[in-house]
Amino acid sequence: MRKIISIHIVLILYLLLFSVALAHSHGHHEEEQQQHHEKEHQHHEKGQQHQQGILLVTFGSSYPQAQAAFDNIEARAQDAFPEKDLHWAYTSHMVRKKLAKEGIDLDSPVQALANMMEQGYTHVAVQSLHTIPGAEFHDLRQVVGAFRSMPGDLEHIQLGYPLLSSDHDLQEVSQALLQNIPRDRGSKEAVIFLGHGTHHPSNAFYNALACELQQQDPLSYMGTVHDTSSLEGIIHDLQDQGVQKAYLMPFMSVAGDHVRNDMAGDDPDSLKSLLQKVGIDSESILKGTAEYDNIVDIWLEHLEKAYSDLEH
């Protein structure tokens, strides 16, 4: 119980810091609004019409199998905004560089927004497809802030938050994850969700989600690639409870390198192999969270909020 309380305290402190950061980022809100009205006035004087677009921003993956997750997000977003153009950007330089060698050119957030400006977009909703508000998201927020203050035809730009950004998100995501567990799971079988993990303070979201899951399903766990001690603790708990089988499910948007190697691979240090060493069978589900509609719905809620703010 003390561990659960301490984790929630850490999360609350992080959320407070996150709120302060957001408040600071909007500290010049009146100035931004004034710039927005000035740009709108200039467009009206020129007789130009508003052109609205959506930019979906993901970390990215070089695995061809991961495309199923991106395709699902795009299809769902297109259904939600049937008359709006969708654009993509990858925040990972490493992924963009690797795919460029294969002849696949992908934009960074800066490149994508610059291209949208050149194409005449005046209102853009930028949706982060990251899992937590970590370093990648905060870098994206800085990019959005820079374009807000940049002179030009881009009148209004809004940023949608990652999957886990609030207590409400924690509840929604935990319920969605549990709904996605294979139906043939036995009552004595465990489920381990594997996230990426980070040194960033937002790593507290993984710990808080682990608590949410445990409260609803005592044999469901959340571990991260970044923190091997968390996986060791989970395995010890499974042994103590006499669990013979565990389902391994990614808590990452796509089933890329970490999922196929660190979770389900044959490497001695993979989660699958660590379980085998102690006599626990496992079944790996190679589907990223973005392949589940109930998870994508949460990202879309954030996008809908960002898009509605474009009208104000």
Margin query: Main chain of Gly145, side chain of Arg141: is a donor-acceptor contact present, judged purely on distance under 3.5 Å?
Written below: no
Margin query: With side-chain hydrogen bond (donor to acceptor under 3.5 Å, both in side chains) as the criterion, how do Asp169 and Tyr161 come out once you've worked through the C-alpha distance, each side chain's angles and the decisive distance to 0.1 Å?
Written below: CA-CA 10 Å; Asp169 291 338; Tyr161 295 134; over 6 Å; no
Checklist line | Pairwise side-chain contact, Ile280 with Gln244, heavy-atom cut-off 4.5 Å (strictly under) | finding: no
Next item on the list: List in chain and number order the residues that pass side-chain contact (heavy atoms from CB on, under 4.5 Å) with Leu274, two or more places apart in sequence or in another chain; answer none if no residue qualifies.
Entry: Ile235, Lys277
Notebook entry, point to check: Are Leu300 and Val296 side-chain neighbours, meaning at least one heavy-atom pair lies under 4.5 Å?
Noted result: yes
Check: Is Arg148 reaching over with its side chain to a backbone N or O of Ile157, donor-acceptor style, under 3.5 angstrom?
Finding: yes
Next item on the list: With sequence neighbours excluded, tell me which residues meet side-chain contact (heavy atoms from CB on, under 4.5 Å) with Gln216.
Entry: Ser174, Gln175, Leu178, Glu212
Check: What do the steps show when you test Met252 against Thr131 for side-chain contact (heavy atoms from CB on, under 4.5 Å), and what is the final call?
Finding: CA-CA 7 Å; Met252 306 178 201; Thr131 299; 5.6 Å; no
Next item on the list: Indicate if Leu163 and Val259 have the same hydrophobic cluster label, given that clusters are the connected sets of ILVMFWY residues with side-chain heavy-atom separations under 4.5 angstrom.
Entry: no
Notebook entry, point to check: Heavy atoms, side chains only, cut-off 4.5 Å: are Pro109 and Val126 in contact?
Noted result: no
Note to self: Between Asp281 (side chain only) and Lys245 (backbone N and O only), is there a donor and an acceptor less than 3.5 Å apart?
What the structure shows: no
Check: What distance do Ser108 atom OG and Asp139 atom CG have between them, rounded to the nearest 0.5 Å?
Finding: 11.5 Å
Next item on the list: Give me the ring orientation class for His200 and His138: parallel if the planes are under 30° apart, tilted from 30 to 60°, perpendicular past 60°.
Entry: parallel
Item checked: Distance in Å, Gln127 CD paired with Ile54 CD1, rounded so as to fall on 0.5 Å steps -> 9.0 Å
Checklist line | Asn203 side chain to Gly197 backbone, donor-acceptor under 3.5 Å | finding: no
Next item on the list: Drop me the distance from Ile298's CD1 to Leu303's CG, to the nearest 0.5 angstrom.
Entry: 14.0 Å
Next item on the list: Verify the distance criterion only: is there a donor paired with an acceptor across the side chains of Gln51 and Thr122 at less than 3.5 Å?
Entry: no
Next item on the list: Mind listing the closest non-hydrogen atom pair of Asp267 and Ser273 along with its distance?
Entry: O-OG, 2.7 Å
Next item on the list: Go through the structure and list residues passing side-chain contact (heavy atoms from CB on, under 4.5 Å) with Asn261, not counting sequence neighbours.
Entry: Tyr63, Asp257
Next item on the list: Indicate if Val225 and Val95 have the same hydrophobic cluster label, given that clusters are the connected sets of ILVMFWY residues with side-chain heavy-atom separations under 4.5 angstrom.
Entry: no
Next item on the list: Verify the cluster assignment for Leu56 and Tyr307: are they in a single hydrophobic cluster under the rule of side-chain heavy atoms below 4.5 Å apart?
Entry: yes
Note to self: With heavy-atom distances below 4.5 Å as the criterion, would you say the side chains of Val124 and Leu113 are in contact?
What the structure shows: yes
Notebook entry, point to check: For the atom pair OG (Ser270) and CE (Met263), what is the distance rounded to the nearest 0.5 Å?
Noted result: 9.5 Å
Next item on the list: Establish, yes or no, whether a centroid distance under 6.0 Å links the rings of Phe193 and Tyr221.
Entry: no
Check: Which atom pair, heavy atoms only, marks the closest approach of Thr91 to Glu136?
Finding: OG1-OE1, 2.7 Å
Margin query: Could you tell me if the side chain of Leu129 sits less than 4.5 Å from the side chain of Ser253, heavy atoms only?
Written below: no
Note to self: Quick check: do Pro162 and Ile132 have side-chain heavy atoms less than 4.5 Å from each other?
What the structure shows: no
Next item on the list: Kindly determine whether Glu283 and Leu248 satisfy side-chain contact (heavy atoms from CB on, under 4.5 Å), including the steps that lead there.
Entry: CA-CA 6 Å; Glu283 181 175 335; Leu248 310 184; over 6 Å; no
Margin query: Determine whether a donor-acceptor pair (N or O, by modelled atom type, separation under 3.5 Å) exists between the side chain of Asp237 and the backbone of Gly233.
Written below: no
Next item on the list: Determine, for Asp105 against Arg96, whether the closest basic-nitrogen to carboxylate-oxygen distance falls under 4.0 angstrom.
Entry: no
Margin query: Using 30° and 60° as the class boundaries, would you call the ring planes of His226 and His199 parallel, tilted or perpendicular?
Written below: perpendicular
Check: Which heavy atom of Ala246 sits nearest a heavy atom of Leu275, and at what distance?
Finding: CB-CD1, 4.4 Å
Margin query: Quick check: closest heavy atoms across Ala306 and Leu159, and the distance to 0.1 Å?
Written below: CB-C, 4.0 Å
Item checked: Heavy-atom side-chain proximity of Glu155 to Tyr121 below 4.5 angstrom -> no
Next item on the list: Using a cut-off of 6.0 Å, state whether more than 12 heavy atoms not belonging to Asp266 lie near its atom CG.
Entry: no
Notebook entry, point to check: Counting N and O atoms only, with roles assigned by atom type, does the side chain of Trp299 sit under 3.5 Å from a partner on the main chain of His130, one being a donor and the other an acceptor?
Noted result: yes
Notebook entry, point to check: Are any side-chain N or O atoms of Asp107 and backbone N or O atoms of Ala89, one a donor and one an acceptor, separated by less than 3.5 Å?
Noted result: no
Check: Same cluster or not: are Val143 and Val57 linked, directly or through other Ile, Leu, Val, Met, Phe, Trp or Tyr residues, by side-chain heavy atoms under 4.5 angstrom apart?
Finding: yes
Notebook entry, point to check: Is the His258 to His196 ring centre distance short of 6.0 Å?
Noted result: yes
Notebook entry, point to check: Just how far is it from atom NE2 of His87 to atom CD of Glu74, taken to the nearest 0.5 Å?
Noted result: 10.5 Å
Note to self: Tell me whether Glu232 contacts the main-chain N or O of Ser229 through its side chain, where contact means a donor paired with an acceptor under 3.5 Å.
What the structure shows: no
Checklist line | Closest heavy-atom pair and its distance - Thr289, Pro250 | finding: CG2-O, 3.7 Å
Check: Do Val243 and Val191 share a hydrophobic cluster (ILVMFWY, side-chain heavy atoms under 4.5 Å, transitive)?
Finding: no
Item checked: Leu286 and Arg260: CA distance, side-chain angles, deciding distance, side-chain contact (heavy atoms from CB on, under 4.5 Å) verdict -> CA-CA 7 Å; Leu286 302 181; Arg260 296 175 186 278; 3.6 Å; yes
Item checked: Check: Ala176 main-chain N/O paired with Asn180 side-chain donor or acceptor under 3.5 Å -> yes
Notebook entry, point to check: Rounded to the nearest 0.5 Å, how far apart are CG of Leu219 and CD1 of Ile192?
Noted result: 10.5 Å
Next item on the list: Can you see which heavy atom on Tyr206 is nearest to which on Met222, and at what distance?
Entry: O-CG, 3.7 Å
Next item on the list: Could you check Lys84, His123, Glu83, His156 and say which one makes a side-chain hydrogen bond (donor to acceptor under 3.5 Å, both in side chains) with Gln52?
Entry: Lys84
Next item on the list: Test Leu194 against Leu231 for side-chain contact (heavy atoms from CB on, under 4.5 Å), laying out the working first.
Entry: CA-CA 9 Å; Leu194 186 66; Leu231 299 181; 3.8 Å; yes
Margin query: Counting C-beta onward and ignoring hydrogens, is there a side-chain heavy-atom pair between Trp88 and Ile73 closer than 4.5 Å?
Written below: yes
